[in-house]
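Reviewing the structure listed below.
Count residues from 1 along the sequence.
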Amino acid sequence: MTIKLPKNPMKLRVQVLEEEKSMTFGPGEETSIGGASGNLFFIGMAGAGRRELARLAAEQLGLSYVEAPDPQALAQAAAGSGLSVAVTGEALAGPEQVQAMRASGKVFFVMRDMAHLARDLGDPARIEELAAETARLEPMLMEAAHFIVPVDATAEERIEDVVWKARL
């Protein structure tokens, strides 16, 4: 398999968290990350942009776009193949859902800071509420993620990064 390298040399290293260790993969190394279904799962807080990235990834990689608003829909998506899945926080009820996503495909954590989340949701006064929700969900999101989508990148750079990592 030939992987087209991204223009940005920062993207030549891919960090993957696995139970108390961090591995680095680079070009030319044989590696398999995530399950063999070809599914991509996009997780993150409301307002982080996971739906947009999941749609763009589906278009660019020839996948079907679906949303997983609850554990049952997530289980159905994890059992399928060739899907780009926008996962809501409500779908991640516990470790079973995390394991199902990781076994089925690659999991991308779309991480954003509280100020941007509140602004994008149209309610800057929600920063404290979002901080509490993030504190509750972020450990599970970090455990689930194979990759963290760069927060300081443009939309074009984010999708380029996702497309490249989806082919690992």
Side-chain angles (χ1 to χ4, degrees), residues 3-8 10-19 21-26 31-71 73-93 95-113 116-117 120 133-134 137-168:
I3 297 176
K4 180 184 169 222
L5 298 177
K7 297 172 199 165
N8 184 341
M10 293 293 292
K11 296 177 186 162
L12 295 180
R13 293 169 42 99
V14 180
Q15 295 293 329
V16 182
L17 293 176
E18 292 284 344
E19 298 182 23
K21 63 182 177 179
S22 178
M23 298 178 286
T24 302
F25 298 98
T31 183
S32 178
I33 299 170
S37 72
N39 288 340
L40 303 179
F41 297 91
F42 293 85
I43 60 176
M45 300 298 295
R50 50 178 202 271
R51 285 184 180 97
E52 176 186 7
L53 268 176
R55 281 189 193 106
L56 289 170
E59 288 173 19
Q60 294 212 10
L61 295 167
L63 304 173
S64 297
Y65 170 78
V66 298
E67 292 186 14
D70 56 53
L74 181 55
Q76 187 175 10
S81 65
L83 302 174
S84 182
V85 185
V87 180
T88 66
E90 294 78 23
L92 295 174
E96 303 82 26
Q97 289 76 31
V98 169
Q99 290 171 341
M101 285 189 305
R102 289 182 62 84
S104 175
K106 294 175 176 61
V107 183
F108 293 85
F109 178 12
V110 184
M111 186 184 283
R112 298 284 305 274
D113 64 84
H116 283 99
L117 288 174
D120 292 349
E133 185 70 2
T134 299
L137 285 176
E138 195 166 80
M140 185 169 29
L141 298 175
M142 291 297 287
E143 181 182 333
H146 288 108
F147 305 105
I148 297 175
V149 177
V151 296
D152 58 348
T154 66
E156 182 179 281
E157 290 171 330
R158 291 171 111 194
I159 192 60
E160 178 186 5
D161 188 59
V162 166
V163 168
W164 183 69
K165 289 173 181 171
R167 292 182 174 138
L168 290 175

- Query: If only atom types and distance count, is the side chain of Asn39 paired as donor or acceptor with the main-chain N or O of Ala77 below 3.5 Å?
  - Reply: yes
- Item | Straight-line distance of His146 NE2 to Leu168 CG, nearest 0.5 Å | 11.0 Å
- Is any side-chain heavy atom of Phe147 less than 4.5 Å from a side-chain heavy atom of Asp161? no
- Note on the structure: Heavy-atom closest pair (Ala100 atom, Ala78 atom, distance to 0.1 Å) is O-CB, 3.9 Å
- Side-chain touch Thr88/Arg50, heavy atoms, less than 4.5 angstrom: yes
Could you pull out every donor-acceptor pair under 3.5 Å between side chains of residues 61-70 and any protein atom, sequence neighbours left out?
from: Tyr65; atom 1: OH; to: Glu67; atom 2: OE2; distance (Å): 2.8
from: Glu67; atom 1: OE1; to: Arg51; atom 2: NE; distance (Å): 3.4
from: Glu67; atom 1: OE2; to: Arg51; atom 2: NE; distance (Å): 3.4
from: Asp70; atom 1: OD1; to: Gln72; atom 2: N; distance (Å): 3.1
from: Asp70; atom 1: OD1; to: Ala73; atom 2: N; distance (Å): 2.7

- Got a sec, which residues hit side chain to side chain donor-acceptor pair (under 3.5 Å) with Glu133, two or more places apart in sequence or on another chain? Arg136
- Item | salt bridge (Lys or Arg N to Asp or Glu O under 4.0 Å) involving Glu90 - partner list, sequence neighbours excluded | none
- Indicate yes or no: at least one non-hydrogen side-chain atom of Met101 is less than 4.5 angstrom from one of Leu92. yes
- At what distance, to the nearest 0.5 angstrom, does CD of Glu138 lie from CD of Glu143? 13.0 Å
- Not counting sequence neighbours, which residues clear ring pair (Phe, Tyr, Trp, His ring centres under 6.0 Å) with Phe41? List them please. none
- For Ala93, which residues count as a side chain to side chain contact (heavy atoms under 4.5 Å, CB included) partner, sequence neighbours excluded? Pro71, Gln97
If you look only at distance, which donor and acceptor atoms sit under 3.5 Å apart when one is on a side chain in residues 52-60 and the other is two or more places apart or in another chain?
none

